[in-house]
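Structure first, commentary second.
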Amino acid sequence: MEKQKRFILPENDIPTQWYNIQADMVNKPMPLLNPVTHRPLAVEDLTHIFCEACSQQELDTEHAWIDIPEEVRDRYKYYRATPLVRAYALEKALDTPAHIFFKNESTNPLGSHKINSALPQCYYCKQEGTTNVTTETGAGQWGAALSYAASVFGLEAAVYQVKISIQQKPYRSSIMRTFGATVEGSPSMSTRAGKNIITREPNHPGSLGTAISEAIELATTTPHCKYTLGSVLNHVTLHQTVIGLEAERQMELAGEYPDQVIACFGGGSNFGGLAFPFMRHNIKDGWKTEFIAAEPASCPKLTRGKFEYDFGDEAGYTPLLPMYTLGHDFKPANIHAGGLRYHGAGVIISQLLKDRLMYGVDIPQLESFDAAILFARTEGIIPAPESGHAIAAVIREARKCKESGESKTILFCLSGHGLIDMTAYDNYINGDLRNYTITDEEIAKSLEAVPEV
Ligand SMILES: *Cc1c(COP(=O)(O)O)cnc(C)c1O
């Protein structure tokens with residue numbers, strides 16, 4: 001039989017609903033808590049920051065299927081369905097009997113999966129009468145996706161980008177500004193929080209913490225302005241399930257079903273987006289697919305973090321989230337996979353990890369770039385440094401198959417391309433990158449900041 005390389009779905013087969021795994025989980029996620037009263041949060045407690053629809057989705061443990069609004073689905077058509085691809089050349093280079101498939105989320109013009117949630121978030125904001133959206137961004141993928149989605153639905157976007165990251169990745173702010181967003185380096189002089197930081201420390205390089213404080217301040221002090229987030233929260237992962245739902249049909253076209261599903265892990269949105277639709281068969285039908293989240297060895301919350309109530313942000317503004325965490329003021333090493341430098345794991349993922357429905361693996365930085373470069377040279381796509389972690393985990397599994405002679409079917413998420421991250425590749429090729437190790441003492445120290453509940 002002729003070998004089929006790519007499995008393509010017609011527009012009609014773009015999902016009409018997202019999958020909400022919370023409804024099927026045997027042990028539901030524990031509640032989010034108000035940081036002052038420690039009482040469980042209700043939808044109304046979230047709506048002063050987030051839009052109403054997303055606040056409801058965040059806490060919805062009842063409805064397994066949630067309709068994708070027609071206008072959002074129309075915009076998904078601009079780049080979905082994304083291809084499912086069999087990585088024949090990578091298989092051959094590894095001389096493995098494994099069948100390796102990847103869902104290619106790098107094909108949209110913004111270059112990462114984040115657009116899948118940026119579109120619905122902006123759509124709902126517009127519906128609810130919001131005129132402005134704001135957010136923070138580190139490496140810039142989320143800021144870029146949000147800027148585009150805001151322009152699609154006629155909203156003004158203000159993005160606080162970590163100052164040092166604007167210098168390291170200048171083209172991402174160019175993308176945001178091309179779509180009409182205002183980009184401020186954080187800390188900035190445009191908010192009280194920013195001014196305070198600059199007064200104390202004029203050369204502060206910025207961090208996600210400073211940027212979050214500024215974005216939340218803007219959202220809460222500007223009329224008709226909402227705050228948005230690109231990872232970690234339940235509604236974000238919900239939107240990302242279009243990835244796995246399409247992949248499920250495409251694997252059917254390929255005549256296979258994955259033994260292993262693998263994705264890189266920052267806050268969990270591309271991992272959950274690909275994994276949850278498949279995991280529902282483990283939960284409901286007793287199937288035995290393995291789910292592997294690839295995190296950076298320098299930010300190992302899944303394998304070495306502690307399950308605790310902790311803040312979602314460095315500054316301590318968010319509700320308390322029950323999750324695997326390294327402590328909210330954990331300072332990860334400055335690895336190039338900026339999208340994976342997050343201290344915690346998201347509440348759904350954390351419960352699933354606790355219940356052993358999935359597990360994490362740690363990938364050192366150099367191994368992730370080795371893998372990324374092998375993938376580029378075999379499959380012709382330069383992956384985002386984040387996605388390099390997933391590829392490294394896939395390669396480990398494919399090598400195990402070679403040793404055991406087993407022919408497993410492995411499916412992974414190519415969460416983005418690396419074309420705006422070429423400085424990182426240059427550094428790697430020049431031999432200027434290194435691995436970072438982190439000791440148990442360092443982790444224990446940073447966990448001391450976790451609040452008592
Ligand atoms: C943001 C990002 C990630 C990490 O975020 P998750 O929510 O864990 O998916 C991974 N890959 C790319 C390309 C990203 O932009």
Side-chain angles (χ1 to χ4, degrees), residues 82 102-118 121 135-148 159 161-162 165 169 171-172 175-176 208 228-244 261-276 291-296 299-302 312 323-324 332 335-350 352-353 358 360-361 363 368 371-372 375 381-393 412-421 424:
T82 61
F102 63 94
K103 181 70 167 155
N104 189 352
E105 290 296 315
S106 79
T107 56
N108 73 77
L110 281 309
S112 85
H113 68 289
K114 293 221 168 61
I115 185 176
N116 298 327
S117 183
Q121 290 193 45
T135 195
E136 77 283 344
T137 194
Q141 288 107 325
W142 170 244
L146 185 78
S147 301
Y148 163 70
V159 179
Q161 184 171 9
V162 177
S165 128
K169 311 203 178 209
Y171 291 128
R172 284 246 165 66
I175 293 173
M176 295 177 226
L208 274 179
T228 63
L229 256 188
S231 182
V232 185
L233 293 180
N234 300 342
H235 66 269
V236 181
T237 308
L238 171 77
H239 304 151
Q240 295 294 352
T241 58
V242 285
I243 303 174
V261 174
I262 297 178
C264 68
F265 197 97
S269 77
N270 91 94
F271 173 81
L274 178 65
F276 291 172
F291 297 93
I292 307 172
E295 64 183 1
C299 192
K301 62 255 183 184
L302 299 174
M323 63 179 180
Y324 282 90
I335 56 167
H336 280 275
L340 307 185
R341 296 173 68 240
Y342 184 69
H343 68 274
V347 303
I348 295 178
I349 298 279
S350 293
L352 295 170
L353 181 65
M358 57 171 286
V361 292
I363 308 289
S368 75
F375 185 78
I381 303 169
I382 298 180
E386 289 85 359
S387 314
H389 291 71
I391 299 168
F412 78 94
C413 187
L414 185 70
S415 54
H417 70 63
L419 295 177
I420 320 264
D421 301 281

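Both counts, for ligands and for their atoms, begin at 1 and track the order of listing. Everything numeric here is computed off the predicted structure, so don't read it as measured data. Throughout, residue positions are numbered sequentially from 1 according to the sequence presented.
- Residues Trp142 and Ser231 have side chains that never bring a donor and an acceptor to within less than 3.5 angstrom of each other.
- Residues Glu105 and Ser415 have side chains that never bring a donor and an acceptor to within less than 3.5 angstrom of each other.
- The backbone N or O of Met323 lies less than 3.5 Å from no partner atom in the side chain of Lys301, so there is not a single donor-acceptor pair.
- Between atom OG of residue Ser117 and atom CD of residue Gln240 there is a gap of 6.0 Å, rounded to the nearest 0.5 Å.
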Could you check ligand 1 for N or O atoms lying under 3.5 Å from protein N or O atoms and list the pairs with distances?
unit_1   : atom_1 : unit_2 : atom_2 : d
ligand 1 : 7 (O)  : Ser231 : OG     : 2.5
ligand 1 : 7 (O)  : Ser269 : N      : 2.9
ligand 1 : 7 (O)  : Ser269 : OG     : 2.7
ligand 1 : 8 (O)  : Gly266 : N      : 2.7
ligand 1 : 8 (O)  : Gly267 : N      : 3.0
ligand 1 : 8 (O)  : Gly268 : N      : 2.9
ligand 1 : 9 (O)  : His113 : NE2    : 3.1
ligand 1 : 9 (O)  : Ser269 : OG     : 3.3
ligand 1 : 9 (O)  : Asn270 : N      : 2.8
ligand 1 : 9 (O)  : Asn270 : ND2    : 2.8
ligand 1 : 11 (N) : Ser415 : OG     : 2.8
ligand 1 : 15 (O) : Lys114 : NZ     : 2.6
ligand 1 : 15 (O) : Gln141 : NE2    : 3.3

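- You'll find the ring centres of Phe102 and Phe375 inside the 6.0 Å limit.
- Considering only heavy atoms from C-beta on, Ile243 stays 4.5 Å or farther from Phe276 through its side chain.
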